[in-house]
Amino acid sequence: NIRISPNPFYVPGYQAQIYNLYPGSTVKILKLNGDLVVELNSDFFGNEDTMVLWDGKNKQGNFVGSGIYLVSAYHINGGSSVSKIAVINK
């Protein structure tokens with residue numbers, strides 16, 4: 001299962017850690033209606049520490065608005081998982 005910290009996540013100024021991922025996973029941040037916000041690739045930081053850092057920006061480089069977003073992780077060999085993150089734009 002995907003783990004996210006902090007949750008809720010405050011922007012700007014912080015980064016969300018999305019971890020407990022299969023190495024090489026692709027992570028998509030989506031609006032609740034399914035629109036893609038941004039796509040990220042996981043980095044491998046050690047034996048059991050594969051994560052993505054998200055700065056709260058969309059694919060255009062702008063901070064997202066406050067709300068609930070879906071976090072979808074996928075790997076061709078490791079399956080898929082979905083979680084939620086609450087974003088508060090200060």
Side-chain angles (χ1 to χ4, degrees):
N1 291 341
I2 300 172
R3 307 233 179 203
I4 302 170
S5 178
N7 197 2
F9 166 47
Y10 292 87
V11 296
Y14 295 91
Q15 290 190 345
Q17 298 175 1
I18 304 163
Y19 56 101
N20 202 30
L21 303 168
Y22 195 83
S25 294
T26 297
V27 174
K28 293 181 180 181
I29 310 295
L30 307 158
K31 293 181 181 180
L32 291 179
N33 67 5
D35 289 347
L36 179 66
V37 174
V38 69
E39 185 171 313
L40 308 163
N41 293 310
S42 64
D43 292 318
F44 185 62
F45 290 98
N47 290 339
E48 297 178 16
D49 196 8
T50 301
M51 75 169 70
V52 166
L53 297 175
W54 181 42
D55 58 6
K57 293 182 180 178
N58 61 23
K59 56 189 173 186
Q60 290 81 25
N62 301 314
F63 287 107
V64 300
S66 296
I68 304 295
Y69 293 83
L70 299 175
V71 179
S72 171
Y74 170 79
H75 190 277
I76 195 163
N77 296 324
S80 62
S81 185
V82 177
S83 189
K84 292 183 246 175
I85 185 168
V87 175
I88 300 171
N89 189 324
K90 304 192 276 183

* Could you tell me the separation between the OG atom of Ser5 and the CD1 atom of Ile85, rounded to the nearest 0.5 Å? => 9.0 Å
* **By ring pair (Phe, Tyr, Trp, His ring centres under 6.0 Å) - contacts of Tyr22 (at least two apart)** => His75
* Closest contact, heavy atoms only, Pro12 versus Phe63 -> CB-CZ, 3.3 Å
* **Taking every non-hydrogen atom, the tightest pair across Tyr74 and Ser80** => CD1-CB, 4.1 Å
* Keeping the roles fixed (side chain from Ser66, backbone from Asn89), state whether a donor-acceptor pair exists under 3.5 Å. => yes
* Structure fact -> Hits for ring pair (Phe, Tyr, Trp, His ring centres under 6.0 Å) against Tyr69, two or more places apart or cross-chain, chain-then-number order -> none
* To do: Would you please name every residue forming a side chain to side chain contact (heavy atoms under 4.5 Å, CB included) with Asn1, sequence neighbours left out?
  => Ser81
What donor-acceptor contacts under 3.5 angstrom involve side-chain atoms of residues 26-39, with partners at least two apart or in another chain?
from, atom 1, to, atom 2, distance (Å)
Asn33, OD1, Asp35, N, 2.9
Asn33, ND2, Asp35, OD2, 3.2

* So, the side chain of Asn41 versus the backbone of Gly24: is there a donor-acceptor pair under 3.5 Å, distance only? -> no
* Looking only at heavy atoms, what is the nearest atom pair of Lys84 and Asn7, with distance? -> O-ND2, 3.1 Å
* When rounded to the nearest 0.5 angstrom, what distance separates CD1 in Ile88 from OH in Tyr14? -> 11.0 Å
* Of all the heavy-atom pairs spanning Ala16 and Pro6, show the shortest one and how long it is. => CA-CD, 4.2 Å
* Residues that Asp55 engages under side chain to side chain contact (heavy atoms under 4.5 Å, CB included), provided they are two or more places apart -> Gln15, Lys57
* To do: Not counting sequence neighbours, which residues clear side chain to side chain contact (heavy atoms under 4.5 Å, CB included) with Ser83? List them please.
  => Ile2, Ile4
* To do: Could you tell me whether the side chain of Ile18 reaches within less than 4.5 Å of the side chain of Met51, counting heavy atoms only?
  => no
* Verify the cluster assignment for Leu70 and Leu21: are they in a single hydrophobic cluster under the rule of side-chain heavy atoms below 4.5 Å apart? => no
* Going through the checks in order, is the side chain to side chain contact (heavy atoms under 4.5 Å, CB included) test met by Leu53 and Gln17? -> CA-CA 5 Å; Leu53 297 175; Gln17 298 175 1; 3.6 Å; yes
